[in-house]
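I have placed the structure first, in the form of structure tokens, so that the comments after it can refer back to it.
All of these numbers come straight from a predicted model, not from anything done at the bench. Hydrogens, waters and symmetry mates play no part in the numbers below; they use all other heavy atoms, side chains included.
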2 protein chains.
Amino acid sequence: MDSNFMKKPSKATITDIAKRVNMTTVTVSRALNRPEKVKKETLAQILEVARELNYVPNAFARNLKSRESRLFGLVTASLDNPFYGEVIKAITREAKRRDFSLMLFDTDGSAELEARAIDTLLSYQVAGIILSVVSDEDDYHPSYLPKLEMAGIPVVQIDRKLADAPFAGVYLDNQESGYRGISALLEQGHRHFLVVGGPERSNITLSRLAGIRRALDQYPEHTSLDVLHGDYTQGPAREAVSEYLARGKRPDAIFGLNLLITLGSLEAMRQHGVSRNDIQLFSIDQVPYAHLYGEPIPCISHDTYALGLSAINMLLKKIDDPQHVPADAVVKGQLQP
Amino acid sequence: MDSNFMKKPSKATITDIAKRVNMTTVTVSRALNRPEKVKKETLAQILEVARELNYVPNAFARNLKSRESRLFGLVTASLDNPFYGEVIKAITREAKRRDFSLMLFDTDGSAELEARAIDTLLSYQVAGIILSVVSDEDDYHPSYLPKLEMAGIPVVQIDRKLADAPFAGVYLDNQESGYRGISALLEQGHRHFLVVGGPERSNITLSRLAGIRRALDQYPEHTSLDVLHGDYTQGPAREAVSEYLARGKRPDAIFGLNLLITLGSLEAMRQHGVSRNDIQLFSIDQVPYAHLYGEPIPCISHDTYALGLSAINMLLKKIDDPQHVPADAVVKGQLQP
DNA sequence: CTGTTAGCGCTTTCAA
DNA sequence: TTGAAAGCGCTAACAG
């Protein structure tokens with residue numbers, strides 16, 4: 001091929017340092033890792049030369065030998081979904097505290113990219129993985145699963161649950177959120193609902209819908225329910241709702257089963273000149289900054305920072321004690337405002 | 001097929017594969033990397049065994065030998081700042097396309113964490129770094145700079161420019177944005193302004209202010225300008241503006257020099273019962289979803305996706321052709337609405 | 001306190 | 001088409 005012209009900016013190694021101080025690499029390695037095991041003067045000398053040469057340890061060499069990495073992997077379908085903002089914050093903070101670094105992957109909703117991400121993470125011998133899969137439908141059986149199980153590294157799932165994976169996870173209280181959301185709307189006097197969810201077979205959507213149906217079934221008065229499905233993103237939700245409104249439908253309230261769906265619904269309402277006085281809007285997940293704009297959108301909000309924290313702590317616990325068998329955790333929602 | 005009784009799933013290596021097919025590691029390695037250089041049957045055999053054993057290449061061993069990594073580093077002060085959402089999206093997408101993985105660091109505004117992030121990236125022999133530093137003040141001279149230069153790996157800065165670093169970058173058109181923003185407000189008839197910026201000595205803030213002052217100086221009528229400083233985050237901006245309003249000050253318009261500052265200012269206004277009819281609000285950077293809520297906040301918006309794209313492409317070009325000396329790029333703002 | 005030896009998993013000549 | 005030998009940078013185990 002080509003490009004052997006690339007000058008290799010030969011980085012300083014412990015061998016270079018060793019030569020300069022007339023010691024062996026072993027001593028240099030020790031000086032760098034267990035300073036107390038080296039004579040003070042030697043140590044000082046080595047450290048100085050190291051600094052002089054801008055020495056940076058080679059993580060690859062170190063890991064190859066020690067079989068231990070300080071790396072976590074985080075895989076999500078969309079890093080830019082505000083829902084994950086706080087999650088990521090929590091995870092990076094805790095990882096940092098424990099001196100781990102993070103490798104982030106945005107799978108952009110693609111199962112193939114998800115598989116690639118897992119492969120890469122595995123090849124980097126990560127100490128643990130936090131995983132939010134692209135689909136939580138029952139028939140999603142990612143091909144990497146056997147590999148991942150066999151690798152024997154701790155995995156914690158968040159938000160979306162893989163149907164048949166033996167990993168613990170942190171999830172939302174989906175049924176309950178649906179139940180409480182629709183109940184709040186019922187209390188306000190609304191009777192006719194449009195619920196906009198994710199994919200028809202997504203378990204999260206199914207659970208939330210189950211909660212909603214449970215509340216409606218219990219309710220003594222007559223109610224009605226229409227349901228639209230999308231893919232948890234804004235565009236499809238907007239289109240579906242827009243088409244629905246175009247058909248002249250006017251429910252009392254629209255219940256978006258996640259943040260982006262709600263925003264998409266709101267867009268559709270605006271397109272059709274429908275105000276939030278005409279149709280009440282309700283969301284699962286809080287719309288960022290909404291409170292700054294006047295009328296906030298009522299919702300079941302989730303403490304996503306806590307979710308991230310819980311996940312990373314499960315991972316860390318598992319790493320500290322591999323015997324430990326973590327149990328699933330659930331983050332409960334809170335009715336806003 | 002034989003079942004697997006191994007309790008400890010020690011990872012398979014090419015040595016394991018080699019044994020199973022009665023070949024050497026060399027052949028296995030070749031089969032995996034240059035399939036065309038291996039006899040078809042051998043290849044098929046090797047690939048099958050590899051799959052059977054759930055083989056995953058060890059990136060560390062590979063890199064140690066080949067001195068070439070498929071890793072990028074991205075360092076920013078706050079991953080959860082919406083400003084970076086699209087930037088990250090663009091970068092992850094392009095990196096993915098070229099089969100690079102991303103290591104993300106959130107320095108949380110701490111110079112020390114920034115230094116650690118760079119060290120880690122260097123130790124992982126990353127192929128390139130995209131860097132948005134914690135401070136763009138002239139006297140910020142991070143200690144890692146010599147190390148980073150010496151490492152000789154491509155670095156592209158974004159948004160915030162390190163005063164004395166020899167790296168190219170992608171920046172915003174700060175002076176111009178200030179100029180155009182205040183001009184828009186002047187045209188609307190506003191004359192008395194409060195500008196809320198970042199740190200007093202931040203070059204970005206200085207540039208934007210310079211643009212603002214230039215416009216005001218040119219303006220024939222009498223105008224006035226107050227300036228408050230914060231740190232580019234929401235809390236301090238809110239406090240500063242709140243205190244300002246508490247003193248009874250009522251400018252015609254408040255100009256927030258970035259998104260979080262504007263949101264903080266808006267919070268302060270709400271605290272003091274000041275509506276956006278009383279005081280016009282203007283921002284640099286677009287407030288996400290604001291248009292969905294009615295009255296959007298007028299602003300100079302920046303195409304942050306383009307910014308990220310530009311940065312990653314500079315990096316890739318530099319990697320493809322190390323001779324290439326990239327020039328700084330500037331992303332221009334756009335007046336909204 | 002310091003050195004010797006050995007090897008992690010992989011790739012790279014060079015040779016067959 | 002395949003293999004033998006060597007070594008990337010580092011650290012563990014055992015001497016001394």
Side-chain angles (χ1 to χ4, degrees), chain A residues 1-4 6 8-47 49-50 53-70 119-120 122-126 151, chain B residues 8 10-47 49-50 53-70 119-120 122-126 151:
Chain A
M1 305 274 281
D2 50 16
S3 75
N4 260 342
M6 304 214 321
K8 300 205 165 148
S10 59
K11 288 160 193 159
T13 70
I14 55 172
T15 310
D16 300 324
I17 301 180
K19 273 185 198 135
R20 288 261 255 138
V21 298
N22 283 320
M23 300 256 153
T24 61
T25 58
V26 181
T27 306
V28 175
S29 171
R30 259 195 292 260
L32 265 18
N33 298 309
R34 293 122 181 265
E36 74 280 3
K37 303 228 143 212
V38 167
K39 190 164 58 164
K40 258 181 135 176
E41 298 152 19
T42 318
L43 176 61
Q45 218 187 136
I46 289 176
L47 291 184
V49 174
L53 299 182
N54 286 313
Y55 170 75
V56 179
N58 184 320
F60 292 143
R62 193 209 295 270
N63 180 285
L64 187 53
K65 186 69 200 172
S66 68
R67 320 279 294 111
E68 169 193 302
S69 94
R70 308 294 288 176
D119 262 2
T120 306
L122 252 24
S123 81
Y124 276 97
Q125 324 282 120
V126 291
Chain B
K8 195 158 223 166
S10 59
K11 287 159 193 157
T13 68
I14 54 172
T15 311
D16 300 324
I17 301 180
K19 273 185 198 136
R20 290 259 256 140
V21 299
N22 284 318
M23 300 254 152
T24 61
T25 59
V26 182
T27 307
V28 176
S29 171
R30 257 195 294 258
L32 265 19
N33 299 310
R34 294 122 180 264
E36 74 281 4
K37 303 227 139 211
V38 168
K39 190 164 57 162
K40 255 179 133 181
E41 298 155 20
T42 318
L43 176 61
Q45 219 187 134
I46 289 176
L47 290 184
V49 173
L53 298 182
N54 286 312
Y55 170 76
V56 179
N58 184 320
F60 292 126
R62 193 207 297 269
N63 180 283
L64 186 53
K65 189 67 199 171
S66 69
R67 317 282 293 114
E68 169 192 304
S69 94
R70 308 293 289 176
D119 263 2
T120 306
L122 252 24
S123 81
Y124 277 96
Q125 323 282 123
V126 292

Distance, rounded to the nearest Å, where [X] contributes [atom1] and [N] contributes [atom2]:
X        : N      : atom1 : atom2 : answer
A/Gln125 : C/dC10 : CD    : P     : 9 Å
A/Leu43  : C/dC1  : CG    : C1'   : 12 Å
A/Ile17  : D/dC10 : CD1   : C1'   : 12 Å
B/Leu32  : C/dT12 : CG    : C1'   : 16 Å
B/Asp16  : C/dC10 : CG    : P     : 9 Å
B/Phe60  : D/dT11 : CZ    : C1'   : 15 Å
A/Lys37  : D/dG16 : NZ    : P     : 18 Å

Touch check for [X], heavy atoms < 4.0 angstrom, all strands: base, sugar-phosphate only, or nothing?
X       : answer
A/Asn63 : nothing
A/Ser66 : nothing
A/Val26 : base

Quick one: is [X] getting a side-chain N or O under 4.0 Å of the [N] phosphate, OP1 or OP2?
X       : N      : value
B/Thr13 : C/dG9  : no
B/Tyr55 : C/dC10 : yes
A/Arg62 : D/dG9  : no
A/Thr25 : D/dC10 : no
B/Thr27 : D/dG3  : yes

task: Kindly check if the number of other-residue, nucleotide or ligand heavy atoms within 6.0 Å of CD (A/Glu41) is above 12?
output: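 Not buried by this count: 12 neighbours or fewer within 6.0 Å.
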Residue that, paired with B/Tyr55, satisfies side-chain contact (heavy atoms from CB on, under 4.5 Å) out of B/Val49, B/Val28, B/Leu47, B/Leu32: B/Leu32
Consider the side chain of [X], meaning its heavy atoms from C-beta on, and name the nucleotide among [options] that approaches it most closely.
X       : options               : result
A/Met23 : C/dG9, C/dG3, D/dG3   : C/dG3
B/Thr42 : C/dT11, D/dA13, D/dT2 : D/dT2
A/Asn33 : D/dT11, C/dG9, D/dC10 : D/dT11
A/Thr24 : C/dC10, C/dG3, D/dC10 : C/dG3
B/Asn58 : C/dC10, D/dT11, D/dT2 : C/dC10
A/Leu64 : D/dT2, D/dC14, C/dC8  : C/dC8
B/Val38 : D/dA12, D/dG9, D/dT2  : D/dT2

query: C/dG7 base to A/Lys65 side chain: any donor-acceptor pair below 3.5 Å?
result: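 Under the 3.5 Å cut-off, the side chain and the base do form a donor-acceptor pair.
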- request: Show the numbers, then the answer: is there a side chain to side chain contact (heavy atoms under 4.5 Å, CB included) between B/Leu43 and B/Ile46?
  value: CA-CA 5 Å; B/Leu43 176 61; B/Ile46 289 176; 5.6 Å; no
- prompt: Taking the side chain as C-beta and beyond, is there a heavy-atom pair between A/Arg30 and A/Val26 under 4.5 Å?
  reply: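 The answer is yes; the side chains approach within 4.5 Å.
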task: With the side chain counted from C-beta on, respond yes when B/Met23 and B/Gln45 share a heavy-atom pair under 4.5 Å apart, and no when they do not.
output: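 Of all side-chain heavy-atom pairs linking B/Gln45 with B/Met23, none is under 4.5 Å.
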message: Any side-chain to backbone donor/acceptor pair from A/Ser29 onto A/Thr25? Under 3.5 Å, distance only.
response: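 No, because the side chain of A/Ser29 does not come within donor-acceptor range (under 3.5 Å) of the backbone of A/Thr25.
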query: Starting at the 5' end of DNA chain D, which residue's closest nucleotide do you reach first, A/Arg30 or A/Ile14?
result: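 First, find each residue's nearest nucleotide; the 5'-ward one identifies A/Ile14.
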